[in-house]
Each structure stands twice: as structure tokens, then as C-alpha cells.
Amino acid sequence: MRHRKNTVVIAGATAATLLLAACGGSDEGGESAGGGEGQSMRLALNQTEEHPSYIALDSFGSYLEENTGGWDIDVFPNETLGAQAEALQLVSDGSVDMAIVSGTQLENLNEDFVVFNLPRVFDDVDHQMSVIHDPEITGDLYSSLEESNNITVLGGFTQGARSVYSSAPIETPADLAGQKLRVQESELHIAMAEALGGAGTPMAYGELYTGLQSGVVDAAENNEVSYFTQRHYEVAPYWSYTNHLVGLDYMIINTDLLESMSEEDRAAFDEGWTAAHEEHTQLWAEATQEAIDGATAGGATFSEVDDAAFAEPLEALAAEFITTESQQALFDAARAAAR
Ligand code: GCU
């Protein structure tokens with residue numbers, strides 16, 4: 001992989017600020033193929049270098065390096081530039097150029113994003129990818145943060161199906177009663193934790209291993225890839241297939257920076273991004289199986305749940321959280337694209 005120099009692990013705002021200062025301004029770079037000034041863009045990621053998102057983003061950087069005069073991507077993994085809430089702010093003010101942030105983060109800027117964070121809105125990864133990369137459905141949504149936050153959404157990577165994990169198997173919502181279930185920082189997902197039977201406790205991703213280990217939370221929910229690459233199976237060895245949600249990560253970029261690209265470079269950028277999210281989708285199934293095998297070898301147990309017991313409370317969340325016409329229109333468009 002190309003960008004090993006960024007593997008140094010530092011955490012927190014102060015460290016991120018120091019690192020940004022040490023990296024210099026974002027105006028270094030060469031003359032691009034299209035005649036504009038290319039530069040190496042800093043991208044904040046909260047995953048490890050083994051995660052499909054890192055691998056696909058690294059390929060995206062290589063593509064830009066080869067197909068533009070001066071653009072490239074420097075991926076900072078492991079929350080090195082801060083947790084997602086902070087990365088979002090840094091992209092908005094331009095101190096970081098790009099980030100991968102979960103849909104739950106954008107829900108806090110524009111309530112329309114809530115729709116794609118709902119349980120059961122996407123049937124599977126292919127359905128999700130066809131919806132979120134259809135400009136007819138997402139065009140207005142993805143440009144909606146440009147004026148207010150100087151952020152453009154380019155599309156996304158799947159988070160796959162998310163399920164619950166804890167220190168004991170879960171079969172029905174009653175099994176999670178009294179358990180603090182870590183969720184992402186989202187009102188919807190706090191309500192989703194209740195639908196699953198637990199008490200929703202929002203927490204940043206990077207704090208979760210310690211949170212589970214110390215008992216600040218009892219359970220969490222994620223995909224198998226995160227469960228394995230974050231080593232959560234070591235501290236919550238029972239995985240229960242609630243499959244409550246096909247989660248979504250967005251690729252965001254500072255709008256001023258995106259608009260500074262020459263037409264030619266922008267075209268190469270769009271092509272490279274399409275190839276990157278397609279590569280990510282391809283890697284996902286294999287990475288999921290490797291994660292299941294790896295976690296099992298590390299002592300995890302995977303079990304099925306009573307699906308019927310979870311269905312009704314999860315499906316009820318759409319009626320509660322879709323409150324505007326634009327949200328309803330997005331929901332209907334997503335459902336109409338289901339096979
Ligand atoms: C997944 C997702 C991340 C998200 C994380 C979480 O790993 O890809 O973007 O931050 O879940 O639960 O916080």
C-alpha cells in the first residue's frame with residue numbers, strides 16, 4: 001500500500017491539529033493534466049488499513065495520481081484526524097479535504113439523510129448501491145450541504161448488514177432488556193436501540209472497544225468487518241444476526257476544493273470515484289466472510305435470532321421518523337428501486 005507514512009496513531013483534537021500543521025498547507029502539488037493546480041488531498045477515515053474502505057480509497061488515490069497532473073489522496077486511517085463528528089467539521093472548514101462519514105453524521109446537518117439511515121429501507125447491498133448512486137434520487141440531497149456547510153457528498157460505500165453483539169446470545173428484544181447498547185450519534189439510532197430491546201448509548205466508534213471492555217456499554221451493533229477489524233469480538237464474543245439495517249458511509253469533500261478542479265481533472269476524479277466504490281462493493285462480500293472466519297477463530301460465536309420478534313418494532317421507526325414530504329419522496333424512491 002502506498003501511504004504507510006500515516007500509520008502513526010494519535011487521537012483527539014489536539015493531536016489532529018498538530019498533525020495537520022505538521023503536514024503543511026494543502027497547496028503543495030503540481031500542474032494537473034487539465035492545467036489546474038492539483039494537490040494531495042487529506043482524507044479522514046476511522047477504519048484500519050485492512051478494511052475495504054481503506055483499500056478502495058488507496059486505489060482511488062493511485063488512479064488520480066496516474067490520471068491527473070497533480071491530484072492524489074492521502075488516506076489517514078484509524079481516526080488519526082479525529083472521530084467522524086470532528087472530521088465532518090474539518091472538511092467543512094477546509095482543514096481536511098475529504099472524509100468517509102456514516103450517514104448518521106449527515107442526519108444531524110439535514111434531516112433528509114435520516115431516510116437512508118432507517119432500518120429496512122435497503123433490502124441488501126446491491127439495492128442500496130443502486131439507490132445511492134442514482135443522481136435522479138440523490139442529486140438534491142448530495143448538493144444540499146454545499147451552501148450551508150461547504151460540503152459535497154459524492155456517494156458512498158456500504159456498511160453491509162448490521163447486527164447486534166454482546167456478552168451473551170440475543171434471540172428476541174427481551175434478551176437486550178437492561179443492556180446499554182452502543183449506537184452512533186443519531187436520534188434515530190437511539191430509538192432503533194430501543195426497538196432492538198436495549199438502551200441506546202451514543203459513542204464514537206474509536207471509543208467502543210474500551211467501552212465494551214470496561215462495561216460502559218454492554219452491547220453494540222455493526223457489520224462483521226468492523227467487528228473483526230476493531231477486535232470487538234474479544235470483548236463481546238456473541239454475535240446475533242438481527243440484520244436490522246444495511247448501513248451507509250458517505251464520501252464527502254470540501255466543496256470549494258472540488259470546484260477548484262479543472263473540467264478534465266474533475267472528469268478523471270469522477271471516474272476514479274466510481275471505480276473505487278465499485279471495488280469496495282466487490283471487496284465487501286469477501287471481507288465479510290474473512291471477518292466471520294477470523295472472529296470465529298478468535299472465539300466468537302455467531303447465531304440466528306427470532307426475526308419475527310424484531311420485525312415490527314424496527315419497521316415502525318419509518319412512520320415515526322419520516323415527517324416531511326421530501327423525506328417521504330426519498331423513502332418511496334428507495335423502496336421503488338427494490339427488486
Ligand atoms: C461502520 C461504519 C463507520 C461507522 C461505524 C460506527 O464501521 O463503516 O463509518 O463509524 O460503523 O458504528 O460508528
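One-based numbering, in listed order, for ligands and for the atoms of each. Note that the numbering runs from 1 along the sequence shown for the chain.
- In this structure, R182 does not pair ionically with D218, as no charged nitrogen and carboxylate oxygen lie closer than 4.0 Å.
- Between T158 and F122, every side-chain heavy-atom pair lies at or beyond the 4.5 Å cut-off.
- Tested against E146, the residues T152, L258, D256, I151 include a single side-chain contact (heavy atoms from CB on, under 4.5 Å) partner, T152.
- For ligand 1, the 4.0 Å heavy-atom shell takes in N46, Q47, Q84, S102, Q159, R162, R182, Q184, Y205, N222, S226, D249, ordered by chain and residue number.
- In this structure, R231 is positioned above the aromatic face of Y209, its NZ or CZ under 6.0 Å from the six-membered ring centre and within 45° of the axis.
- Partner of F157 under the ring-ring contact (aromatic ring centres under 6.0 Å, His included) criterion, chosen from H133, H51, H277, H280: H280.
- The local environment of CG in D140 is sparse, with at most 12 non-hydrogen atoms from other residues, nucleotides or ligands closer than 6.0 Å.
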